[in-house]
Amino acid sequence: MKICMIGVGYVGLVSAACFADLGNTVWCVDKDQSKINKLNKNQIPIFEPGLKEIVHKNHLSERLKFTTDLKLAVTNSDIIFICVGTPTLKKKKSADLSYVFQVSSDLSKYINKFKIIVTKSTVPISTGDKIEKIVSRRNNKKLFEVVSNPEFLREGDAIRDFRFPDRIVIGSNNSKVTKKLKNLYEPLISKGATFFSTDRRSAELIKYAANAFLATKISFINEIANLCEKINVNVEDISIGIGLDKRIGSRFLRAGPAYGGSCFPKDTKALTISADSLKTNLSIVKSVIKSNQKRKVILTERIKKILSNKIKKKKISFLGVTFKPNTDDMRESSSLSMIPYLSNKGAIIKYYDPSGKKNVFSKLKNTTFCTSMIEACENVDLVIIHTEWDEFKAIDFSKLKKKKKFIIYDLRNLYSSKLMKKKGFKYFSVGR
Ligand SMILES: NC(=O)c1ccc[n+]([C@@H]2O[C@H](COP(=O)([O-])OP(=O)(O)OC[C@H]3O[C@@H](n4cnc5c(N)ncnc54)[C@H](O)[C@@H]3O)[C@@H](O)[C@H]2O)c1
């Protein structure tokens, strides 16, 4: 099939490359000229394991093309995916749909034959209706159909998630169009992905409800972890014990820092705002948002306590700063509040992240990026394991702390408390 992917960020680029790999011709359009230039030179603007090889292969075979020319891409395609960002509006907490609406208006100029316009961006309920209105200003309604196809891939596992999704959701009010999109996804459906079709508004809400539910699971276990710390109980045993109940399930029940990333924080906020505007109080989701905010404070307080309230001049190392491993995405990572707080209090921060240096910390006082874990842990008072990169799962701490003894605060519970104690380390973790 001939596809146009508008917005080649984490979702758009992965989806485009994987659709091309299935044999489709995919035009990728982005307004960011530097991104398109990089892609045309076979450079990948984001960090996503396995993506480079797929992009390279399909670019060479000319199934994957990169351009800033929307007209060229739209006129040569039958299915147009909108994959632009929907961040939180600065003052209102609702989703900023200006990118989605701008793209809808722009593409509406180039509808030369029947087009399926698919929203992959996460958007509030009834956004599809609004896109339809925008496109119909210039075109007869018979010339296009607007569909919702929410994306569930996770950064860091995006290729695998695209190829082996739990489900593919298509929200459309037109059965012919649903059938066409089912055909597009047929190679994945034949490998076991569940195809679920529904109306457009339901598909839009499925995405928000799924993210709100997952965020709730994380916040729930984080609060239980707070209780465990008070009563000398291991939260991991609680996670296993409750997760074995099939009605609950074990995934997303690992205590740790506040949830972050480009989706949960903004989608939970946008969902509650949408519901408020429809005079429906989603009180559970609102509590989750508050609980997650508080989580950042609780963990920072714990760091203070570990350091006996003496932060000034303390040397603190962060292992990992991204919100999760295998991505360079810093959006809403809990390190974004922890590191500036500690730096402002006079701590000397060193950080190492396998995805590289982060510009967001470059203006902070006494905060430096290290190119290795060894360098980051040299001569420090406290090592904080912030992100669960594989590299941090089997550290030889005895070797690292040869020059100076340091305390370890493991926010991901990567090590056994008992073993660390036995080896003589001052070791703190979460909910244990
Ligand atoms: N990142 C994830 O893990 C994930 C997972 C599921 C769903 N989503 C949703 O997918 C959407 C995209 O997320 P992302 O993380 O890929 O965003 P992103 O910020 O990485 O990428 C968005 C891209 O759109 C481009 N863009 C903006 N306006 C444009 C325009 N007018 N014309 C062409 N290109 C334009 C930007 O330059 C950018 O490259 C969001 O709605 C997000 O909520 C994201």
Side-chain angles (χ1 to χ4, degrees), residues 4-18 27-39 44-49 51 66-74 77 80-89 94-110 117-124 127-128 131 134 148-162 165-169 203-204 206-212 214-215 259-271 322-333:
C4 164
M5 198 66 67
I6 309 178
V8 276
Y10 290 88
V11 166
L13 186 57
V14 169
S15 308
C18 292
W27 285 91
C28 296
V29 195
D30 205 287
K31 65 173 184 181
D32 184 339
Q33 181 74 60
S34 68
K35 217 176 226 187
I36 295 298
N37 290 348
K38 271 188 184 168
L39 285 161
I44 307 295
I46 56 167
F47 182 98
E48 182 61 47
L51 183 59
F66 303 106
T67 181
T68 51
D69 186 343
L70 186 66
K71 182 180 179 185
L72 178 74
V74 171
S77 307
I80 300 157
F81 283 92
I82 300 178
C83 293
V84 295
T86 47
T88 303
L89 268 176
S94 56
D96 180 356
L97 294 174
S98 56
Y99 303 99
V100 171
F101 293 151
Q102 184 61 51
V103 161
S104 309
S105 168
D106 292 347
L107 74 85
S108 74
K109 296 177 207 160
Y110 311 123
I117 301 166
V118 188
T119 325
K120 247 196 196 303
S121 297
T122 303
V123 292
T127 303
I131 296 174
I134 293 171
S148 166
N149 171 213
E151 183 51 65
F152 301 102
L153 62 76
R154 296 160 302 165
E155 286 171 22
D157 290 297
I159 307 287
R160 196 202 145 275
D161 285 351
F162 182 93
D166 290 337
R167 77 290 207 193
I168 294 156
V169 174
E204 289 168 341
I206 284 169
K207 174 66 190 176
Y208 271 129
N211 274 359
L214 292 171
Y259 61 74
S262 68
C263 294
F264 292 172
K266 82 172 172 63
D267 294 346
T268 44
K269 280 182 215 155
L271 176 61
T322 51
F323 80 99
K324 66 162 163 177
N326 297 323
T327 181
D328 55 350
D329 200 345
M330 285 295 289
R331 287 178 281 188
E332 300 279 342
S333 173

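Whatever order the structure lists them in is the order used to number ligands and atoms, beginning at 1. All heavy atoms count here, side chains included; hydrogens, waters and symmetry mates do not.
- The closest donor-acceptor contact from the side chain of Glu204 to the backbone of Gly128 lies under 3.5 Å.
- Atoms of ligand 1 lying under 4.0 Å from at least one heavy atom of Leu153, given by number and element, are 3 (O), 5 (C).
- Every atom of ligand 1 with a heavy atom of Ser262 under 4.0 Å away is listed here by number and element: 1 (N), 2 (C).
- Of all heavy-atom pairs between Ser15 and Val11, the closest is OG-O, 2.7 Å.
- Checking only distances, Tyr99 never comes within under 3.5 Å of ligand 1, N or O to N or O.
- Taking only nitrogen or oxygen atoms, main chain and side chain alike, Asp329 does not reach within less than 3.5 Å of ligand 1.
- Listed for the Glu155 side chain is no donor-acceptor partner under 3.5 Å among the backbone atoms of Tyr10.
- Looking at ligand 1, you won't find any N or O of Asp32 less than 3.5 Å from one of its N or O atoms.
- Residues Ile159 and Cys18 are in side-chain contact: their nearest non-hydrogen atoms beyond the backbone lie under 4.5 Å apart.
- Atoms of ligand 1 lying under 4.0 Å from at least one heavy atom of Cys83, given by number and element, are 12 (C), 22 (C).
- Residue Ser121 approaches ligand 1 through these ligand atoms, each under 4.0 Å from one of its heavy atoms: 10 (O), 11 (C), 41 (O).
- Each of the atoms 40 (C), 41 (O), 43 (O) of ligand 1 lies under 4.0 Å from some heavy atom of Thr86.
- When non-hydrogen atoms are compared, ligand 1 lies under 4.0 Å from neither the backbone nor the side chain of Ile46.
- The N/O atoms of Asp106, backbone and side chain alike, include none that comes under 3.5 Å of an N/O atom in ligand 1.
- Here is the list of ligand 1 atoms found below 4.0 Å of a heavy atom in Lys266: 42 (C), 43 (O).
- For ligand 1, the polar-atom distance check finds no N/O of Lys207 at less than 3.5 Å from any of the ligand's N/O atoms.
- Here the side chains of Ile36 and Val8 are in contact, with some heavy-atom distance below 4.5 Å.
- Of the polar atoms of Lys35, at least one N or O is found under 3.5 Å from an N or O of ligand 1, judged by distance alone.
- Here Phe47 pairs with Trp389 under the ring pair (Phe, Tyr, Trp, His ring centres under 6.0 Å) rule; sequence neighbours left out.
- Looking at Thr327, its side chain never comes within 3.5 Å of a backbone N or O of Gly156 through a donor-acceptor pair.
- Nearest non-hydrogen protein atom to atom 22 (C) of ligand 1 is Gly85 N, 3.7 Å.
- For atom 44 (C) of ligand 1, the nearest non-hydrogen atom from the set Asp157, Thr68, Val11, Val100 comes from Val11.
- Nearest to atom 15 (O) of ligand 1 by heavy-atom distance, out of Glu155, Arg331, Glu151, is Arg331.
- The heavy-atom pair separating Tyr208 from Ala270 by the smallest distance is OH-CB, 3.5 Å.
- No more than 12 heavy atoms of other residues, nucleotides or ligands lie within 6.0 Å of NZ in Lys38, so this atom counts as exposed by the packing criterion.
- Closest approach of Trp27 to Ala73, counting heavy atoms only: CB-CB, 3.7 Å.
- Given atom 21 (O) of ligand 1, the protein heavy atom at minimum distance is Gly9 CA, 3.2 Å.
- The minimum heavy-atom distance between Thr86 and Ala95, with the atom names listed, is O-CB, 4.4 Å.
- Ligand 1 has no nitrogen or oxygen under 3.5 angstrom from a nitrogen or oxygen of Arg154.
- Of all the heavy atoms of Cys263, the ones lying under 4.0 Å from any atom of ligand 1 belong exclusively to the side chain.
- The closest protein non-hydrogen atom to atom 9 (C) of ligand 1 is Thr122 OG1, 3.4 Å.
- Arg167 is listed as a side-chain neighbour of Phe152, based on a closest heavy-atom distance under 4.5 Å.
- Against a heavy-atom cut-off of under 4.0 Å, Val103 is close to the following atoms of ligand 1: 30 (C), 31 (N), 32 (N).
- For Phe152, no nitrogen or oxygen atom sits less than 3.5 Å from a nitrogen or oxygen atom of ligand 1, counting backbone and side chain alike.
- Scanning the protein heavy atoms around atom 35 (C) of ligand 1, the nearest turns out to be Val84 CG1, 3.5 Å.
- Judged purely by atom type and a 3.5 angstrom limit, Thr268 uses its side chain to pair as donor or acceptor with the backbone of Phe264.
- Counting only distance, with no hydrogens or angles, the side chain of Asp30 and the backbone of Ile6 share no donor-acceptor pair below 3.5 Å.
- Distance from atom 24 (O) of ligand 1 to its nearest protein heavy atom, with residue and atom name: Gly7 CA, 3.4 Å.
- Considering backbone and side-chain atoms together, Asp30 places an N or O closer than 3.5 Å to an N or O of ligand 1.
- Side-chain contact between Leu97 and Pro124 is present, with heavy atoms from C-beta onward closer than 4.5 Å.
- Any N or O atom pair closer than 3.5 Å counts here, and Lys31 shares at least one such pair with ligand 1.
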